[in-house]
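We number each residue from 1, following the sequence as shown.
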Amino acid sequence: MATQGSGRQPKYQRIADELREAIQAGEYGPGDRLPGENDLMATYGVARMTARQALGVLQNEGLAESRKGAGVFVRAFKPLRRRGIQRLSRDQWGSGRSIWSADIENRTLVVDQVRVFEAPAPERISQVLGIEADAPACVRSRRFVLDDKPVLLSTSYLPADLVAGSAITQEDTGPGGTYARLAELGYKPVHFREEIRSRMPSQDEASRLQLSMGNPVILICRTAFADEGRPVEVNEMILDSAAYVLEYDFDA
């Protein structure tokens with residue numbers, strides 16, 4: 001006996017599929033308002049919850065966004081292509097350019113909610129940095145806002161004794177950023193490792209990134225290594241998954 005509903009899509013999914021196809025065909029462009037719940041109820045003869053679920057699918061996929069009191073609109077934000085290898089090249093930060101310049105082209109990037117302070121390193125961080133548990137770390141926390149849309153939360157940890165007195169302990173680290181300053185201190189990054197996973201955001205993360213309900217985040221943990229495999233920085237990043245395309249381009 002076949003399982004109930006096998007081979008059949010739920011109504012809300014079929015409606016979402018049709019709306020997605022209309023978006024991809026250009027019938028609804030970036031910033032256009034999609035049919036509302038009442039419109040979908042009348043067109044498809046479905047209950048309000050079904051119409052709401054259909055619109056929710058598009059929001060969860062990052063194709064649409066809800067604006068309180070106005071409706072659901074096609075997302076106008078152009079996804080950011082994060083070039084994972086090119087952005088960390090020594091040619092980037094070594095020449096005084098931000099590693100973000102490999103990603104953003106001519107778009108407007110603002111860094112806000114900047115906090116730089118010294119605190120005991122969490123155990124997960126001290127283990128990677130190879131320092132004593134609760135040893136002091138220089139912590140750099142900030143948010144990146146692209147074209148007025150928050151896209152990334154970033155928190156870096158560096159051994160406090162290694163960077164003491166350098167510009168790394170200031171909000172503005174200068175041309176080339178943290179990696180250029182590490183090079184000046186004699187700890188030039190020569191190797192990077194990134195670990196990637198995904199989950200749903202915490203309430204604070206969703207608020208700071210202005211995420212709609214059901215929007216997951218991408219977690220990237222990057223470790224920078226100096227000569228002889230010495231770890232000099234751990235950077236924990238939380239990305240709006242709908243705002244990014246992760247690109248890795250390398251030779252075979």
Query raised in the report: Can a salt bridge be assigned to the pair Arg20 and Asp17 using a cut-off of 4.0 Å between side-chain N and carboxylate O?
Result: yes
Report task. Group every Ile, Leu, Val, Met, Phe, Trp and Tyr by side-chain heavy-atom contacts under 4.5 Å, then state whether Ile15 and Val72 land in the same group. Result -> yes
Query - Interatomic distance, Leu185 atom CG to Ser166 atom OG [nearest 0.5 angstrom] - result: 5.0 Å
**Report entry** Test item: side-chain donor near acceptor, Asn235 and Arg140, under 3.5 Å
**Finding:** no
Query raised in the report: Just by distance, do the side chain of Ser241 and the backbone of Pro216 share a donor-acceptor pair under 3.5 Å?
Result: yes
Query raised in the report: Do Ser156 and Arg142 have a side chain donor and acceptor closer than 3.5 Å?
Result: yes
Query raised in the report: Of Leu239, Leu153, Leu80, Leu109, which is the lone residue that meets side chain to side chain contact (heavy atoms under 4.5 Å, CB included) with Phe144?
Result: Leu109
Query - Check: Tyr179 ring centre within less than 6.0 Å of Phe192 ring centre - result: yes
Query - Within one Ile-Leu-Val-Met-Phe-Trp-Tyr cluster: Val74 and Leu58, side-chain cutoff 4.5 Å - result: yes
Requested in this report: Without swapping roles, check the side chain of Arg33 against the backbone of Ala70 for a donor-acceptor pair under 3.5 Å.
Outcome: yes
**Report entry** Thr43 (side chain) donor-acceptor with Asp39 (main chain) under 3.5 angstrom
**Finding:** yes
Requested in this report: Please round to the nearest 0.5 Å and tell me the distance separating atom CD of Glu37 and atom CZ of Arg52.
Outcome: 4.0 Å
Query raised in the report: Pick one: which of Arg193, Glu233, Glu123 meets side chain to side chain contact (heavy atoms under 4.5 Å, CB included) with Val128?
Result: Arg193
Query raised in the report: Step by step, would you call Arg82 with Val245 a side-chain contact (heavy atoms from CB on, under 4.5 Å)?
Result: CA-CA 6 Å; Arg82 183 183 188 272; Val245 173; over 6 Å; no
Query raised in the report: Going by an N to O cut-off under 4.0 Å, is there a salt bridge joining Arg67 and Glu65?
Result: yes
Query raised in the report: Measuring from Glu228:CD to His191:NE2, what's the distance to the nearest 0.5 Å?
Result: 15.0 Å
**Report entry** Presence of salt bridge, Asp240 and Arg75, under 4.0 angstrom
**Finding:** yes
Query raised in the report: Between CG of Leu158 and CZ of Arg181, what distance do you get to the nearest 0.5 Å?
Result: 13.0 Å
Requested in this report: Decide, yes or no, whether a salt bridge links Glu205 with Arg143 under the criterion of side-chain N to carboxylate O below 4.0 Å.
Outcome: no
Query raised in the report: Any donor-acceptor pair under 3.5 Å linking the side chain of Asn215 with the backbone of Asn60?
Result: no
Query raised in the report: Does the distance from a Lys or Arg side-chain N to an Asp or Glu carboxylate O, for Glu236 and Arg124, drop under 4.0 Å?
Result: yes
Requested in this report: Give a yes-or-no answer on whether the side chains of Glu194 and Tyr248 include a donor-acceptor pair shorter than 3.5 Å.
Outcome: yes
Query - Criterion side chain to side chain contact (heavy atoms under 4.5 Å, CB included) against Pro150, the qualifying member of Asp112, Leu211, Leu209 - result: Leu209
**Report entry** Arg14 side, atom CZ; Tyr44 side, atom OH - distance, nearest 0.5 Å
**Finding:** 10.0 Å
Report task. Look at the side chain of Ser198 and the backbone N and O of Val217, then say whether any donor-acceptor pair between them is shorter than 3.5 Å. Result -> yes
